[in-house]
There are 2 protein chains.
Amino acid sequence: MDRRQKKTRDAIFQAFSKLLEKKRYEHITVQEIIDEADIGRSTFYAHFETKDELLRSMCTDIFHHVFTEDLPQEADHAYSAGSKSLELKLGHILYHLKEHHRDLKGILSSESGALFMRYFKEYLQDLFGRYMADFHANVPADYLLNHLVGSFAETVKWWITGKMECTPEEVAGFYMAVIAV
Amino acid sequence: MDRRQKKTRDAIFQAFSKLLEKKRYEHITVQEIIDEADIGRSTFYAHFETKDELLRSMCTDIFHHVFTEDLPQEADHAYSAGSKSLELKLGHILYHLKEHHRDLKGILSSESGALFMRYFKEYLQDLFGRYMADFHANVPADYLLNHLVGSFAETVKWWITGKMECTPEEVAGFYMAVIAV
DNA sequence: TAAAAATCGAACAATGTGTTTTATATCGAA
DNA sequence: TTCGATATAAAACACATTGTTCGATTTTTA
């Protein structure tokens, strides 16, 4: 990627993130992002078609980091069955999410949080699908999956938007405690 | 309330609801609502300051119906303690929500669903707060409340946006099954 | 019937969007 | 280093949407 492109992209991300901290997503204009990032109008549109796509890109970047990063802890437990394996994996995801907590606080604080949650759940859907066999509840499978995914996403939101006093391990523990079926 | 006002208000609600069925909330313009409702521009703004406020009013109307309607079943069980009392109450709420499923499908299908969910949770927060004593989990109280409220809201969303093949009682049962802590 | 209130409809300013164009600056490869 | 390719800047533009205003008209209520 061209240095200039990367520089511009980073400037936009940072400007957007900064604006999100003090303003609702809906009320942030492209012009404000441009001014904050100190770039030309046409340059912004050369990178992103819309504000929504900008948010989507930020989320995708974060998810790519969070979900595809090396999972050192997991190697030892890759074949351990059941809930402990899931708990470790979720703890690891929380650990990586924490590294982005500044960006995430901004994103989650406004309506953009709803979009983030939607994208986040798409990723989680795949992950949890692989653990569904470990759960046995007398409810429809799609309902259960929806419940597990939604609850974890809400857990993340609760953690990030709160004071984040708990460790990733503790948060994963809370989650496992309330979904134990 | 003046007949004209009621007529106009209903026309706006119906037009908005109809548009929501085929279009995303964000992409619906005030002008489209006006055209669909066949009213004057200034009339719309005499009723609602913004599109957001229109949605908020629709939600409030529905919630008022759902949460304050007579609860016939509950009279017999008002003093029964524990989870059965909660399950009955939730079943009743689901029963009333079903009466609005046409409007709700539209609202929940787009980003307006995020706003609905937020308002809905505000109401649920009060309700669940009164049952918190019945739950005992080794997690922070605010986390647990957030989990219970969020999960029920997601349950409603799953039910309304799906095929709604289950009865309110069944859905309440599913919910109780997965939150049993 | 008469005053009060709601609606209509047209015009209006203000704001934001996304595109286009031309000139300039920077990059990457030969 | 040189040169073609590419990214950016800056300004102008058409367009859509918003929210307000105002006078005329209709409907309600007393």
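Order of the sequence lines fixes the chain letters, A, B, ..., with proteins taken first and strands second; residue numbering starts at 1 for each chain.
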side-chain contact (heavy atoms from CB on, under 4.5 Å) partners of Asp2(A), counting only residues at least two apart: Arg4(A), Gln5(A)
query: Have Tyr25(A) and Ser109(A) got a donor and an acceptor in their side chains that come within less than 3.5 Å?
result: no
Check: residues 55-63 of chain A side-chain donor-acceptor pairs under 3.5 Å, at least two apart:
{"unit_1": "Ser57(A)", "atom_1": "OG", "unit_2": "Glu53(A)", "atom_2": "O", "d": "3.0"}
{"unit_1": "Thr60(A)", "atom_1": "OG1", "unit_2": "Arg56(A)", "atom_2": "O", "d": "2.8"}

field: Toward the 5' end of DNA chain D, by each residue's nearest nucleotide, Gln31(B) or Met1(B)
entry: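 Its nearest nucleotide being more 5', the pick is Gln31(B).
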Can you list everything that forms a salt bridge (Lys or Arg N to Asp or Glu O under 4.0 Å) with [X]? Sequence neighbours excluded, please.
| X | answer |
| --- | --- |
| Glu26(A) | none |
| Lys6(A) | Asp10(A) |
| Arg102(A) | Glu21(A) |
| Lys7(B) | none |

field: Given Leu148(B), Val149(B), Val156(B), the one that forms side chain to side chain contact (heavy atoms under 4.5 Å, CB included) with Phe152(B)
entry: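 That would be Val156(B).
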query: How sharply is the helix from dT1(C)-dA30(D) to dA30(C)-dT1(D) bent, taking the axes over five pairs at either end and rounding to 10 degrees?
result: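 The two end axes of the helix from dT1(C)-dA30(D) to dA30(C)-dT1(D) meet at 40°.
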Round to a whole Å and report the spacing from [atom1] of [X] to [atom2] of [N].
| X | N | atom1 | atom2 | answer |
| --- | --- | --- | --- | --- |
| Tyr45(A) | dA11(D) | OH | P | 17 Å |
| Ile34(A) | dG18(C) | CD1 | C1' | 10 Å |
| Arg3(B) | dT7(C) | CZ | P | 14 Å |
| Lys51(A) | dG18(C) | NZ | P | 10 Å |
| Phe44(A) | dT20(C) | CZ | C1' | 18 Å |
| Asp35(B) | dC8(C) | CG | P | 12 Å |

Mind listing the side-chain donor-acceptor pairs of residues 111-122 of chain B below 3.5 Å, one per line with the distance, residues two or more places apart or on another chain?
{"unit_1": "Glu111(B)", "atom_1": "OE1", "unit_2": "Arg24(B)", "atom_2": "NE", "d": "3.3"}
{"unit_1": "Glu111(B)", "atom_1": "OE2", "unit_2": "Arg118(A)", "atom_2": "NH2", "d": "2.9"}
{"unit_1": "Glu111(B)", "atom_1": "OE2", "unit_2": "Arg24(B)", "atom_2": "NH2", "d": "2.8"}
{"unit_1": "Ser112(B)", "atom_1": "OG", "unit_2": "Ile107(B)", "atom_2": "O", "d": "2.6"}
{"unit_1": "Ser112(B)", "atom_1": "OG", "unit_2": "Ser110(B)", "atom_2": "OG", "d": "3.0"}
{"unit_1": "Arg118(B)", "atom_1": "NH2", "unit_2": "Glu111(A)", "atom_2": "OE2", "d": "2.9"}
{"unit_1": "Lys121(B)", "atom_1": "NZ", "unit_2": "Glu154(A)", "atom_2": "OE2", "d": "3.1"}

Collect all protein-nucleotide pairs involving nucleotides 7-9 of chain D in which both atoms are nitrogen or oxygen and the distance is under 3.5 Å.
{"unit_1": "dA7(D)", "atom_1": "OP1", "unit_2": "Gln5(A)", "atom_2": "NE2", "d": "2.6"}
{"unit_1": "dA7(D)", "atom_1": "O4'", "unit_2": "Arg4(A)", "atom_2": "NH1", "d": "3.4"}
{"unit_1": "dA7(D)", "atom_1": "O4'", "unit_2": "Arg4(A)", "atom_2": "NH2", "d": "3.4"}
{"unit_1": "dT8(D)", "atom_1": "OP1", "unit_2": "Arg4(A)", "atom_2": "O", "d": "3.0"}
{"unit_1": "dT8(D)", "atom_1": "OP1", "unit_2": "Thr8(A)", "atom_2": "OG1", "d": "2.3"}
{"unit_1": "dT8(D)", "atom_1": "OP1", "unit_2": "His47(A)", "atom_2": "NE2", "d": "3.4"}
{"unit_1": "dT8(D)", "atom_1": "OP2", "unit_2": "His47(A)", "atom_2": "NE2", "d": "3.0"}
{"unit_1": "dA9(D)", "atom_1": "OP2", "unit_2": "Gly40(A)", "atom_2": "N", "d": "2.6"}
{"unit_1": "dA9(D)", "atom_1": "OP2", "unit_2": "Thr43(A)", "atom_2": "OG1", "d": "2.9"}
{"unit_1": "dA9(D)", "atom_1": "N7", "unit_2": "Ser42(A)", "atom_2": "OG", "d": "3.2"}

Distance-only donor-acceptor hits, side chain of residues 137-146 of chain B, under 3.5 Å, sequence neighbours excluded:
{"unit_1": "Asp142(B)", "atom_1": "OD2", "unit_2": "Trp158(A)", "atom_2": "NE1", "d": "3.1"}
{"unit_1": "Tyr143(B)", "atom_1": "OH", "unit_2": "Thr155(A)", "atom_2": "OG1", "d": "2.7"}

query: For DNA chain C, what residues of residues 10-30 of chain A have any heavy atom nearer than 4.0 Å?
result: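 Close to the strand are Thr29(A), Val30(A).
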query: With sequence neighbours excluded, what pairs up with His65(B) under the ring pair (Phe, Tyr, Trp, His ring centres under 6.0 Å) test?
result: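 Applying ring pair (Phe, Tyr, Trp, His ring centres under 6.0 Å) to His65(B) gives His96(B), His100(B).
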